[in-house]
Novice: 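Sharing a structure with you now.
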Amino acid sequence: MIFPILSFIVATPALAALLLVFLPDEAKTAIRAISVAASAVALAGSIYVAQAVMALGPAQFHFHERYPIIPSLGINYIMAVDGWGASLMLLTGLIIFAGSVASTTLENRPREFYIFLLGLVAGVFGVFVAQDLFVFFLFYEIAVLPMYLLIGIWGSTGKVESKGPFAWAMNQLDVGGKEYAAMKLTLVLLGGSALILAAMLGMYFAGGHTFDMGELAKASIPPNLQWWLFPALWIGFGALAGLFPFHTWSPDGHAAAPTAVSMLHAGVLMKLGAFGVLRVGMVLLPYGARDWAFTVGTVAVINILWGAMSAMAQKDLKYIIAYSSVSHMGVVLLGAATLTVNGWNGAMFQMFAHGIMTGLFFALVGLIYDRTHDRWIPHMGGFANIMPFIAVFFTIGGLSSLGMPGTAGFVAEFLVFLGAWQGPHAWWAVPGAVGALITAVYVLRGIKDIFWGAGPPPQFAALPDARGAERVALVVLGTALIVFGVWPRLILDLIDAATPLYLSAIVATQAAGVTP
């Protein structure tokens with residue numbers, strides 16, 4: 001019998017979380033050690049799966065597992081992984097390991113924190129390998145729902161200035177508070193989940209009463225039904241991916257979340273939404289994807305520009321990175337909308353590169369906030385004089401964010417814009433490139449104001465640099481940005497082998513010319 005490596009990776013953080021339930025609150029050292037060890041095992045398993053899939057052939061599914069759950073309803077526990085899934089499993093392993101290490105200094109109820117964090121990660125791993133749509137949805141919900149408690153209990157509250165005709169409403173709702181952010185996130189994502197569930201049921205009944213994603217890909221779901229089902233999946237999953245105008249939960253959620261949760265939130269969870277749009281919406285509903293591609297791409301361009309301009313207007317460090325994530329996720333959705341090999345490869349690579357980059361950014365922001373208890377950039381300056389290690393890695397993250405050659409961000413954006421230029425709507429590449437230019441402006445300005453300006457101010461003159469375990473998370477993520485930027489084939493070969501197979505169904509619909 002083949003060892004069930006995929007179930008092992010999914011179960012490892014879940015079992016560690018279960019073990020933590022039985023430990024006393026006072027055993028903080030054991031709690032941290034178990035959590036970091038479970039994250040390290042999951043990362044090692046992800047690395048093994050990625051290299052094994054590359055050797056076996058990333059265009060095919062491997063490590064198959066299948067067990068019946070409710071056969072009469074066509075629900076089965078089906079696990080398998082290809083190049084797409086393996087690359088995102090590796091991303092998840094890197095982020096959870098770095099996030100677990102970065103959280104070892106947490107003193108407020110670390111046992112419960114790690115229980116929810118590890119449970120969330122088990123759901124994330126499950127999404128990337130589940131091949132039954134019902135099980136996929138269950139893992140998706142497991143990944144999303146713990147965010148409410150993680151932000152509501154361990155988050156931070158920041159002051160958001162109330163202006164304009166809705167200032168009274170902002171004050172009543174406590175905009176900027178962690179409870180507001182947690183509730184807003186939950187309500188928006190639950191609304192998205194309702195749309196996803198409705199579309200899934202439509203696919204189930206029209207696709208032969210099965211949730212098997214392999215069978216659904218072969219099913220002849222009527223093109224006119226696909227036209228209605230696709231936008232439900234696009235908006236439902238897109239809400240988690242920061243899709244405009246349903247993105248407003250994301251900046252508040254990022255800003256309020258504790259460090260490890262921000263890292264997972266931006267680094268991995270938003271990728272679940274984009275992965276759902278591609279893997280479920282576009283692959284299983286090719287006619288719907290073809291007919292809605294122009295709308296998806298046009299909204300993605302708005303995402304890029306709106307997020308970039310919003311980030312440029314911010315003074316709060318976390319809000320800058322949060323709105324930057326909205327812009328960068330627009331690049332992912334733009335790549336998906338091109339319906340080209342380069343565009344889809346770029347979209348998947350952008351998920352990976354952006355996940356590493358934002359994980360690094362939020363780890364750094366957490367370190368700065370822990371030392372200054374301040375996120376307001378005008379209060380900062382000259383931090384490179386006292387925190388050179390943090391300054392170096394913040395600069396690396398910033399250069400990847402603006403698409404500097406030699407970093408992973410450049411490879412992703414180049415492929416997406418190339419795909420846009422090759423597609424039927426070449427003009428998408430122009431506002432996309434403008435968004436990249438705006439990103440360069442606010443990233444370089446932020447780095448200058450925080451690290452290279454005059455200072456540091458007297459109240460921050462004795463701040464310590466990153467040390468010990470804090471440096472581990474930064475080195476892991478910063479090195480990954482450079483390694484995958486200089487040698488992108490390490491991930492791109494995984495992605496590129498699977499992309500043409502998925503895209504072939506949409507190419508076939510374009511040749512058929514059937515309209516709803």
Side-chain angles (χ1 to χ4, degrees), residues 2-16 33-65 79-102 117-118 120-130 143 260 263-264 267-268 271-272 275 348-349 351-360 363 400 408 411-412 469 471-498:
I2 299 176
F3 181 71
I5 182 65
L6 300 182
S7 290
F8 173 77
I9 294 172
V10 172
T12 295
L15 291 175
I34 290 171
S35 302
V36 173
S39 302
V41 170
L43 172 58
S46 301
I47 294 172
Y48 169 77
V49 167
Q51 64 86 25
V53 169
M54 176 60 73
L56 294 169
Q60 305 297 323
F61 284 98
H62 303 284
F63 303 110
H64 295 266
E65 302 172 39
M79 293 286 193
V81 65
D82 63 351
W84 279 17
S87 62
L88 293 177
M89 286 183 73
L90 179 59
L91 167 66
T92 305
L94 287 168
I95 296 297
I96 184 53
F97 176 73
S100 296
V101 171
L117 189 71
L118 293 170
L120 180 156
V121 170
V124 173
F125 277 124
V127 167
F128 295 139
V129 296
M263 293 170 69
L264 279 166
V268 177
K271 312 307 177 288
L272 295 187
F275 183 73
M348 292 299 300
F349 201 97
M351 288 191 219
F352 187 88
H354 177 258
I356 299 295
M357 180 263 292
T358 50
L360 176 61
S400 183
V411 180
R471 294 195 173 197
V472 174
L474 304 186
V475 170
V476 168
L477 297 177
T479 302
L481 281 180
I482 296 174
V483 168
F484 292 110
V486 174
W487 196 6
R489 284 191 60 184
L490 288 171
I491 289 296
L492 193 56
D493 282 355
L494 274 173
I495 296 168
D496 183 54

Novice: State, to 0.1 Å, how close T12 and A38 come at their nearest heavy-atom pair, and which atoms those are.
Specialist: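 Smallest heavy-atom distance, with atoms named: CG2-O, 3.6 Å.
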
Novice: What distance do L477 atom CG and I482 atom CD1 have between them, rounded to the nearest 0.5 Å?
Specialist: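 So the CG of L477 and the CD1 of I482 are separated by 11.5 Å.
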
Novice: Nearest heavy-atom pair of A497 and A59: which atoms, and what distance?
Specialist: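 Looking at all heavy atoms of both residues, the closest pair is O-CB, 3.1 Å.
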
Novice: Show the numbers, then the answer: is there a side-chain contact (heavy atoms from CB on, under 4.5 Å) between L120 and V124?
Specialist: CA-CA 6 Å; L120 180 156; V124 173; 4.0 Å; yes

Novice: For the CG atom of D82 and the CZ atom of F61, what is their distance to the nearest 0.5 Å?
Specialist: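 D82 atom CG to F61 atom CZ measures 4.0 Å (nearest 0.5 Å).
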
Novice: Considering only heavy atoms from C-beta outward, does the side chain of I356 approach that of L360 to under 4.5 Å?
Specialist: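 No, every pair of side-chain atoms sits at 4.5 Å or beyond.
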
Novice: Listed by chain and number, what are the side chain to side chain contact (heavy atoms under 4.5 Å, CB included) partners of L492, not counting sequence neighbours?
Specialist: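 Side chain to side chain contact (heavy atoms under 4.5 Å, CB included) check on L492 returns N345, F349, L415.
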
Novice: For G355 and K271, which heavy atoms make the closest approach, and how far apart are they?
Specialist: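 Heavy atoms of G355 and K271 come nearest at N-CE, 3.8 Å.
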
Novice: For F128 and L272, what are the C-alpha separation, side-chain angles and deciding distance, and is it a side-chain contact (heavy atoms from CB on, under 4.5 Å)?
Specialist: CA-CA 8 Å; F128 295 139; L272 295 187; 3.4 Å; yes

Novice: What's the spacing between H354 NE2 and L481 CG if we round to 0.5 Å?
Specialist: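 One finds 11.0 Å between NE2 of H354 and CG of L481.
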
Novice: So which of F63, F3, Y48 actually passes ring pair (Phe, Tyr, Trp, His ring centres under 6.0 Å) with F8?
Specialist: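 It is F3, the one option of F63, F3, Y48 that forms the ring pair (Phe, Tyr, Trp, His ring centres under 6.0 Å) with F8.
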
Novice: How far does NE2 of H62 sit from CE of M54, to the nearest 0.5 angstrom?
Specialist: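 Separation between the atoms: 10.5 Å.
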
Novice: For the residue pair V411 and G485, what are the closest heavy atoms and their distance?
Specialist: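 So the two residues come closest at CG2-O, 3.9 Å.
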
Novice: Which value, rounded to the nearest 0.5 Å, describes the distance between L118 atom CG and S35 atom OG?
Specialist: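 The distance works out to 5.0 Å.
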
Novice: Tell me every residue that passes side chain to side chain contact (heavy atoms under 4.5 Å, CB included) with E65, counting only those two or more places apart in sequence or in another chain.
Specialist: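 Partners of E65 under the side chain to side chain contact (heavy atoms under 4.5 Å, CB included) test: P4, L6, S7, Y67, Y77, M79.
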
Novice: In Å, rounded to the nearest 0.5 Å, how long is the span from CD of Q51 to OG of S46?
Specialist: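 Answer for the CD-OG pair, Q51 versus S46, is 12.0 Å.
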
Novice: Please give me the minimum heavy-atom distance between A498 and P58, naming the atom from each residue.
Specialist: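 In terms of heavy atoms, the two residues are closest at CB-O, 3.7 Å.
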
Novice: Closest approach of I9 and A42, non-hydrogen atoms and distance?
Specialist: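 Of all heavy-atom pairs spanning I9 and A42, the closest is CG2-O, 4.3 Å.
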
Novice: Enumerate donor-acceptor pairs with a distance under 3.5 Å from any side-chain N or O in residues 83-99 to protein atoms, sequence neighbours excluded.
Specialist:
residue : atom : partner : partner atom : Å
W84     : NE1  : T499    : OG1          : 3.2
S87     : OG   : G83     : O            : 3.3
S87     : OG   : W84     : O            : 2.7
T92     : OG1  : L88     : O            : 2.8

